[in-house]
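Since the structure comes first, as structure tokens, the remarks are kept for the end.
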Amino acid sequence: MPRSPLIARTVPALRRNLDNLRKRKATVALVPTMGALHDGHMSLVRLARRRANKVVVSIFVNPTQFAPTEDFGAYPRTWKADIAKLAAEDVDLVWHPTVEAMYPEGFATRIVPEGPALAGLEDRFRPHFFGGVATVVGKLFTQCRPEVAIFGEKDFQQLRVVTQMAGDLDLGVKVVGSRTVRERDGLAMSSRNVYLSADERQRAATLYRAMKESAGRIRAGEAVAPAMAAGAGMIEKAGFALDYFEARHAETLAPASSRKDGPLRILVAARLGTTRLIDNIAV
């Protein structure tokens with residue numbers, strides 16, 4: 001029977017447990033999550049296990065990255081199922097703080113990222129988002145002191161922001177991106193997929209098909225603008241309200257007009273009904 005992971009809910013308890021894990025000079029990998037775990041999260045945990053001796057998973061739905069109009073209260077929370085999945089993967093420790101433990105009364109410090117956080121992608125539609133992400137991830141890094149932290153590539157701009165922050169602030173954490181895990185039809189696994197109706201779920205895979213179509217055109221030598229326009233048309237025809245569908249430099253996230261601009265990444269965000277989905281692929 002799987003061994004349940006240790007669970008810490010306060011910073012002192014977290015540090016005691018981490019000190020015990022490190023007694024034999026073990027390395028620690030951190031997998032930050034907001035819970036509602038699926039196979040994509042489990043792929044992060046398995047990569048963490050390959051990169052370090054001990055694996056810590058944080059489960060914290062971070063209020064500072066949600067705008068008042070967003071789904072903080074309704075965000076799926078599946079604690080018992082999450083712990084069962086983490087036990088099956090032999091996770092060593094779960095860091096599950098309350099909001100009060102993470103942001104105690106009088107908390108007054110924020111990290112304000114720039115660079116990839118101001119690329120005109122997610123930040124254009126969610127200007128509050130990366131400040132909330134950078135602050136909570138900065139806290140997680142200093143609380144857990146991991147050698148390695150694993151993030152999914154599905155949130156690609158977030159991955160670039162966190163990587164930049166860890167380097168800029170000399171946090172001593174190597175940030176590692178993990179490939180997006182997809183359903184059979186190509187839809188990226190996401191905790192928010194549960195919001196899709198049956199009809200919406202069928203149409204949702206259009207995002208992946210459109211990205212592949214545009215990427216194929218660019219690789220075949222077509223200019224970026226018309227190749228991206230073709231993919232955007234597919235997405236809108238499927239009933240999505242498109243926030244962005246862009247080809248960007250894979251490292252800097254700067255706009256790109258041709259493959260000569262460097263390694264490219266296609267990034268998309270679009271709404272289907274009340275559900276907002278994001279995704280990306282390499283060109």
Side-chain angles (χ1 to χ4, degrees), residues 38-41 43-44 47 116-126 129-130 151-161 163 176-283:
H38 50 67
D39 286 349
H41 293 108
S43 74
L44 305 183
L47 177 56
L118 300 178
L121 295 166
E122 282 299 288
D123 51 294
R124 186 154 47 103
F125 295 89
R126 307 178 72 196
F129 180 69
F130 288 118
F151 288 80
E153 287 188 349
K154 183 179 77 69
D155 299 284
F156 195 77
Q157 188 179 6
Q158 173 179 278
L159 174 61
R160 296 266 67 83
V161 170
T163 302
V176 176
S178 182
R179 292 178 61 184
T180 301
V181 177
R182 300 183 179 279
E183 305 286 357
R184 287 187 176 184
D185 61 1
L187 178 65
M189 289 189 178
S190 168
S191 301
R192 288 186 169 93
N193 290 351
V194 298
Y195 299 156
L196 297 167
S197 69
D199 173 62
E200 289 168 346
R201 173 62 189 82
Q202 283 192 321
R203 288 185 283 144
T206 303
L207 287 184
Y208 183 59
R209 291 196 295 270
M211 289 191 297
K212 287 187 68 177
E213 171 74 15
S214 293
R217 287 172 176 248
I218 293 169
R219 284 194 292 267
E222 187 171 340
V224 166
M228 296 302 294
M234 289 176 61
I235 293 167
E236 291 175 333
K237 187 175 180 180
F240 282 90
L242 196 57
D243 282 352
Y244 59 82
F245 184 67
E246 298 194 25
R248 296 294 187 97
H249 189 284
E251 295 298 325
T252 66
L253 299 184
S257 58
S258 103
R259 288 191 78 186
K260 295 178 182 178
D261 290 339
L264 300 186
R265 201 95 186 177
I266 291 175
L267 301 102
V268 63
R271 296 182 185 276
L272 191 58
T274 60
T275 306
R276 187 174 186 269
L277 301 175
I278 67 171
D279 203 351
N280 66 89
I281 62 170
V283 176

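Heavy atoms only: backbone and side chains are in, while hydrogens, waters and symmetry mates are out.
Listed by chain and residue number, Glu213, Glu222 satisfy the salt bridge (charged side-chain N to carboxylate O under 4.0 Å, His left out) test with Arg217 (two or more places apart in sequence, or in another chain). Among residues two or more places apart in sequence or in another chain, the side-chain contact (heavy atoms from CB on, under 4.5 Å) test is passed with Ser191 by Ala36, His38, His41, Tyr75, Pro76.
Going from atom OH of Tyr208 over to atom CZ of Arg182 covers 5.0 Å, rounded to the nearest 0.5 Å. To the nearest 0.5 Å, the span separating CD1 on Ile278 from OG on Ser190 amounts to 7.5 Å. One finds the CG atom of Asp39 at 11.0 Å from the CG atom of Leu44 (value rounded to the nearest 0.5 Å). Rounded to the nearest 0.5 Å, atoms CD (Gln158) and CD (Glu122) are 9.5 Å apart. In this structure, Leu121 CG and Phe129 CZ are separated by 12.5 Å, a value rounded to the nearest 0.5 Å.
Nearest heavy-atom pair across Tyr244 and Arg124 is CB-NH2, 3.7 Å. In plain terms, the two heavy atoms of Val181 and Ser43 that are nearest each other are CG2-OG, 3.3 Å. The two residues Leu47 and Gly177 have their closest heavy-atom pair at CD2-O, 4.3 Å. When all heavy atoms of Tyr195 and Thr275 are compared, the pair lying nearest together is CB-OG1, 3.2 Å. When every heavy atom of Thr163 is checked against every heavy atom of Leu159, the shortest pair comes out as OG1-O, 2.7 Å. Between Ala215 and Ile281, the closest heavy-atom pair is CB-CD1, 3.9 Å.
We find that Asp243 and Arg126 are not joined by a salt bridge, their nearest charged nitrogen and carboxylate oxygen being 4.0 Å or further apart.
A distance-only check finds a donor-acceptor pair linking the side chain of Ser214 to the backbone of Ala227 [under 3.5 Å]. The backbone N or O of Pro116 lies less than 3.5 Å from a partner atom in the side chain of Gln157, making a donor-acceptor pair.
Between Arg276 and Phe125, some side-chain heavy-atom pair lies under the 4.5 Å cut-off. Contact check for Met228 versus Ile218: side-chain heavy atoms found under the 4.5 Å cut-off. Looking at heavy atoms from C-beta onward, Leu253 lies in side-chain contact with Phe156 at the 4.5 angstrom threshold. Residues Thr206 and Arg209 are in side-chain contact: their nearest non-hydrogen atoms beyond the backbone lie under 4.5 Å apart. Contact check for Phe240 versus Leu277: side-chain heavy atoms found under the 4.5 Å cut-off.
Around atom CZ of Arg179, no more than 12 heavy atoms belonging to other residues, nucleotides or ligands sit under 6.0 Å away.
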Side-chain donor/acceptor pairs under 3.5 Å, residues 262-274, sequence neighbours excluded:
unit_1	atom_1	unit_2	atom_2	d
Arg265	NE	Asn280	OD1	2.8
Arg265	NH2	Glu153	OE1	3.0
Arg265	NH2	Asn280	OD1	3.0

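Leu196 pairs with exactly one of Arg201, Gln202, Arg203 by the side chain to side chain contact (heavy atoms under 4.5 Å, CB included) rule, that one being Arg201.
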